[in-house]
Each structure stands twice: as C-alpha cells, then as structure tokens.
Amino acid sequence: MKKIIFTEKAPAPIGPYNQAVLSGNTLYASGQIAINPASGELVTANISDETKQVMQNIQAVLESANMTFENVVKTSIFIMDMNDFGAINTVYGSYFNEKTAPARETVQVACLPKNVNVEISIIAVQ
C-alpha cells in the first residue's frame, strides 16, 4: 500500500508524478530542483544558493512525512557541470551528519528540467 506525500512547502510537481510516495516505512522522494515554493521562481543566481533551495525543498518533503535528513538512506545527485561538485557538496554536506550520511551517487547529465544546474532525489526510511 502506498501513501502520496504532498506539501505546499515544496514545489508542486511539474508533470505526472508526486513529490513523494510512502510505501510501508520507506519514502521515495522525486527529484527536487531549486524552485522557491512561495514564489514559484527558480533560484539559480549561484550554485550554492541553488543547492540550498533544493535541500530546503527536500527538507519540506521529509517533514511532511514526519522524517528528517537522519532518515535518508540514499541520495542521487544530478548536476550539469562536474566543476560545481565542490560547491554542491559543501551545501549538501551541511544537511547531514558525516558519520551517518546516506549512500549516494553524483552524475553529470546533459540537461535537467527547466535547465537547472542540480537536481537531488532521496530515499528515506522511518
């Protein structure tokens, strides 16, 4: 059985998918990009601010499922330019305890939705 997770504190989906799906005790969250949910505008002035908005959106989805970043067991990071890895990693790392950080992969891609520079998805377990 699955439960659809939705919060107005994160951007609404821009296609036929949901922000997240809770199946049993596992949360599968769709990739988040740097859309400010209050304004609907992209935050792309610099890669650090963009990554921070992505992480805030993920946090909102986690909170709507009564979870925190401590529940995250896996992340996938998609970036347009591997040269941004260091800045992305610095912001990303500030949301996790290094000793209990999740498994992850980081992949450079050719294009992302709305031509953003970073998209991150997560899997979390209660």
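Since this is a predicted model, take the numbers as computed values, not measurements.
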Review point. Can you name the ring-ring contact (aromatic ring centres under 6.0 Å, His included) partners of F69, sequence neighbours left out?
Key: Y95, F96

Practice item. Of all the heavy-atom pairs spanning N25 and M67, show the shortest one and how long it is. Key: O-CE, 4.0 Å

**Study point:** Closest heavy-atom pair and its distance - Q108, M82
**Key:** OE1-N, 2.9 Å

**Study point:** Side-chain (S64) to main-chain (F6) donor-acceptor, under 3.5 angstrom
**Key:** no

Check your understanding: Among pairs that include at least one residue of residues 2-11, which meet salt bridge (charged side-chain N to carboxylate O under 4.0 Å, His left out), considering only residues two or more places apart or in two chains?
Key -> none

Exercise for review: First locate atom CG of N83, then atom CE of M80, and finally report the distance between them rounded to the nearest 0.5 Å.
Suggested key: 12.5 Å

Practice item. Would you name the heavy atoms of P37 and A10 that are closest together and state the gap between them? Key: CB-C, 3.6 Å

Exercise for review: Write down the atom of I88, the atom of I47, and the distance for their closest heavy-atom approach.
Suggested key: CG1-CG1, 3.6 Å

Point to revise | With sequence neighbours excluded, residues passing side chain to side chain contact (heavy atoms under 4.5 Å, CB included) with S23 | key: Y28

Point to revise | I77 side chain reached by I79 side chain, heavy atoms, under 4.5 Å | key: yes

Show the atom names and distances, to 0.1 Å, of all donor-acceptor pairs under 3.5 Å that link a side chain in residues 110-126 to residues at least two apart or in another chain.
{"residue": "N117", "atom": "ND2", "partner": "E50", "partner atom": "OE1", "Å": "2.8"}
{"residue": "Q126", "atom": "NE2", "partner": "A65", "partner atom": "O", "Å": "3.4"}

Practice item. Please report the closest heavy-atom contact between A29 and A20, naming both atoms and the distance. Key: CA-CB, 3.8 Å

Review point. Could you give the distance from CG (N66) to CD1 (I5), rounded to the nearest 0.5 Å?
Key: 8.0 Å

Check residues 52-62 and write down every donor-acceptor pair under 3.5 Å in which the side-chain atom is one partner and the other belongs to a residue at least two apart or another chain.
{"residue": "Q53", "atom": "NE2", "partner": "N57", "partner atom": "OD1", "Å": "2.9"}
{"residue": "N57", "atom": "ND2", "partner": "I33", "partner atom": "O", "Å": "2.9"}
{"residue": "N57", "atom": "ND2", "partner": "I35", "partner atom": "O", "Å": "3.1"}
{"residue": "N57", "atom": "ND2", "partner": "Q53", "partner atom": "O", "Å": "3.4"}
{"residue": "Q59", "atom": "NE2", "partner": "E63", "partner atom": "OE2", "Å": "3.4"}

**Study point:** Any residue meeting side-chain hydrogen bond (donor to acceptor under 3.5 Å, both in side chains) with E105, in chain and number order, not counting sequence neighbours
**Key:** K74, S76

**Study point:** V72 side chain near R104 side chain, heavy-atom distance below 4.5 Å
**Key:** no

Practice item. Apply side-chain hydrogen bond (donor to acceptor under 3.5 Å, both in side chains) to the pair Q19 and T7, showing each step before the final yes or no. Key: CA-CA 8 Å; Q19 290 171 333; T7 178; 5.6 Å; no

Point to revise | Separation of T51 OG1 from Y92 OH (nearest 0.5 Å) | key: 11.5 Å

Check your understanding: How many angstroms lie between CG in D49 and CG in N36, if you round to the nearest 0.5 Å?
Key -> 11.5 Å

Check your understanding: Can you find a pair of side-chain heavy atoms, one from F85 and one from T106, that are under 4.5 Å apart?
Key -> yes

